[in-house]
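What follows is one structure encoded as structure tokens, with my remarks underneath.
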There are 2 protein chains.
Amino acid sequence: MLSKKTKYAFHALTYLGKHRDQKTVLIQDISEEYGISHKFLENILLELRKAGILGSKKGKGGGYYLIKDPNDVPLSKVIRLLEGPIALLPCVSLNYYEPCAECKDETKCGLNKVMIQVRDEMLKVLENKTLADILDKE
Amino acid sequence: MLSKKTKYAFHALTYLGKHRDQKTVLIQDISEEYGISHKFLENILLELRKAGILGSKKGKGGGYYLIKDPNDVPLSKVIRLLEGPIALLPCVSLNYYEPCAECKDETKCGLNKVMIQVRDEMLKVLENKTLADILDKE
DNA sequence: TATAAAACCTATATAAAAGATAGGGTTATT
DNA sequence: AATAACCCTATCTTTTATATAGGTTTTATA
């Protein structure tokens with residue numbers, strides 16, 4: 001399951017996507033809309049900005065805004081940023097690979113092979129669907 | 001990511017599947033093979049037995065054994081038993097559904113719709129692949 | 001130029017979950 | 001009768017997730 005952090009990130013991005021007409025959106029607007037703690041959300045938006053998905057403007061009249069085209073924000077990118085690995089096991093993760101302690105030889109591990117299939121099916125959706133797809137459906 | 005508990009369950013099932021020729025397998029044999037704490041593993045095997053996947057025999061010469069045909073143990077069953085939901089969000093879980101607190105109307109939630117797709121792709125593998133597929137590849 | 005409003009940053013506290021351990025009880029085999 | 005194994009419940013420890021705190025910096029505008 002995705003953490004709340006990741007889920008909140010998607011909600012925030014959705015909100016920002018819906019309000020692209022206005023220059024900036026306040027953290028508070030988003031936190032009130034979804035009932036998310038202001039400070040918790042602040043950390044999340046900060047990460048999204050550092051990753052180049054959002055821009056921000058300080059001071060009065062400031063706030064956050066989408067810096068990327070929603071079509072260029074695959075869901076996989078958001079998940080990897082906030083959550084970490086998408087794969088169900090560390091030994092089949094493309095971006096956060098770690099060997100399994102229990103496993104002597106990964107190439108002979110049947111579990112490993114099946115989990116690679118699961119990962120690939122997940123990625124088929126998560127790499128190709130973007131923020132734009134979420135916005136389309138709202 | 002799957003918890004260690006779930007991963008250990010798969011390892012144990014694999015081990016038991018490989019040793020179907022012998023009547024029973026000791027907890028200790030499995031825990032030593034994979035370096036898993038004996039007591040922790042004990043709890044896992046107990047759950048698998050209660051779920052009707054394993055059988056056990058008490059007393060000297062006892063132990064655990066597979067009670068089901070490996071073809072009849074889909075990976076999804078093991079995950080749901082030890083881990084809980086397979087879906088990435090509670091609001092798209094088939095077996096552990098819960099509404100999202102942030103969401104006013106689920107039917108209008110774009111995130112919900114995309115996550116249903118992810119869930120279905122995961123299930124396509126996890127429902128159809130079984131313990132037998134893992135054993136085949138070892 | 002003073003003030004208010006907003007993001008920025010780092011650290012810490014709290015809560016929840018995962019992982020592991022303990023210890024005795026029960027049962028079946030030799 | 002002894003032993004070896006499962007059975008069960010409870011608790012401890014560690015880790016991770018979630019949330020909060022408090023100040024700093026930047027910007028608009030009155």
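Below, chain A is the first sequence line, B the second, and so on; all start at residue 1. We use all heavy atoms of the structure for the numbers below, so side chains are in, but hydrogens, waters and symmetry mates are not.
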query: For the atom pair CG (A/Leu75) and CD1 (A/Ile134), what is the distance rounded to the nearest 0.5 Å?
result: 5.0 Å

query: Does A/Ser37 place a side-chain N or O at less than 4.0 Å from the phosphate oxygens OP1/OP2 of D/dT20?
result: yes

query: Rounded to the nearest 0.5 Å, how far does CG of B/Asn43 lie from NZ of B/Lys5?
result: 7.0 Å

message: So, does B/Ser3 get its side chain near the phosphate of C/dA17, meaning an N or O under 4.0 Å from OP1 or OP2?
response: no

Atom pair distance, as rounded to whole Å: CG in A/Asn43 and C1' in D/dT20: 10 Å

- prompt: CZ of B/Phe40 versus P of D/dT13: gap in Å, rounded?
  reply: 17 Å

- line: Here the distance between atom P of C/dA20 and atom CG of B/Leu46, to the nearest Å, is 18 Å

field: Any donor-acceptor N/O pair under 3.5 Å between C/dG23 base and B/Lys39 side chain
entry: yes

message: Is the distance from the ring center of A/Tyr15 to that of A/His19 below 6.0 Å?
response: yes

- prompt: CD1 of B/Ile44 versus C1' of C/dT21: gap in Å, rounded?
  reply: 14 Å

- request: Measure from CD1 on A/Ile30 to P on C/dA6 and round the result to the nearest Å.
  value: 13 Å

message: Any base atoms under 4.0 Å from B/Gln28, or only sugar-phosphate, or nothing? Heavy atoms, all strands.
response: nothing

- request: Using a cut-off of strictly less than 4.0 Å, decide whether A/Lys57 has a side-chain nitrogen or oxygen near OP1 or OP2 of D/dA28.
  value: yes

message: I need the CD1-P distance between A/Ile27 and C/dA6, as an integer number of Å.
response: 10 Å

Short side-chain N/O contact from B/Arg49 to OP1 or OP2 of D/dC8, under 4.0 Å: yes

- prompt: Given C/dA6, C/dA20, D/dA19, which nucleotide is nearest the side-chain atoms of A/Tyr8?
  reply: D/dA19

- request: Name the nucleic acid region contacted by B/Leu45, choosing base, sugar-phosphate or nothing; use a 4.0 angstrom heavy-atom cut-off, strictly under.
  value: nothing

A/Lys108/B/Glu138 ion pair, N-O < 4.0 Å: no

query: Got a salt bridge between A/Glu102 and B/Lys7, using NZ or NE/NH1/NH2 to carboxylate O under 4.0 Å?
result: yes

task: Among the candidates D/dA19, C/dA6, D/dA28, find the nucleotide nearest to the side-chain atoms of A/Lys60.
output: D/dA28

message: For B/Lys58 and A/Lys50, find the nucleotide of DNA chain C closest to each by heavy atoms; which residue's nucleotide sits nearer the 5' end?
response: A/Lys50

- line: By the Watson-Crick or G-U definition, both distances under 3.5 Å, D/dA30 is matched with C/dT1

- prompt: Quick one: is A/Thr24 getting a side-chain N or O under 4.0 Å of the C/dA6 phosphate, OP1 or OP2?
  reply: no

message: Just the rounded figure in Å: distance from C1' of C/dT27 to CD of B/Glu42.
response: 14 Å

query: Over how many whole Å does the gap from B/Leu41 atom CG to C/dA22 atom P extend?
result: 16 Å

query: Do other residues, nucleotides or ligands put more than 12 heavy atoms under 6.0 Å from B/Gln28 CD?
result: no

query: Does a side-chain N or O from B/Tyr64 land closer than 4.0 Å to OP1 or OP2 of D/dC7, or not?
result: yes

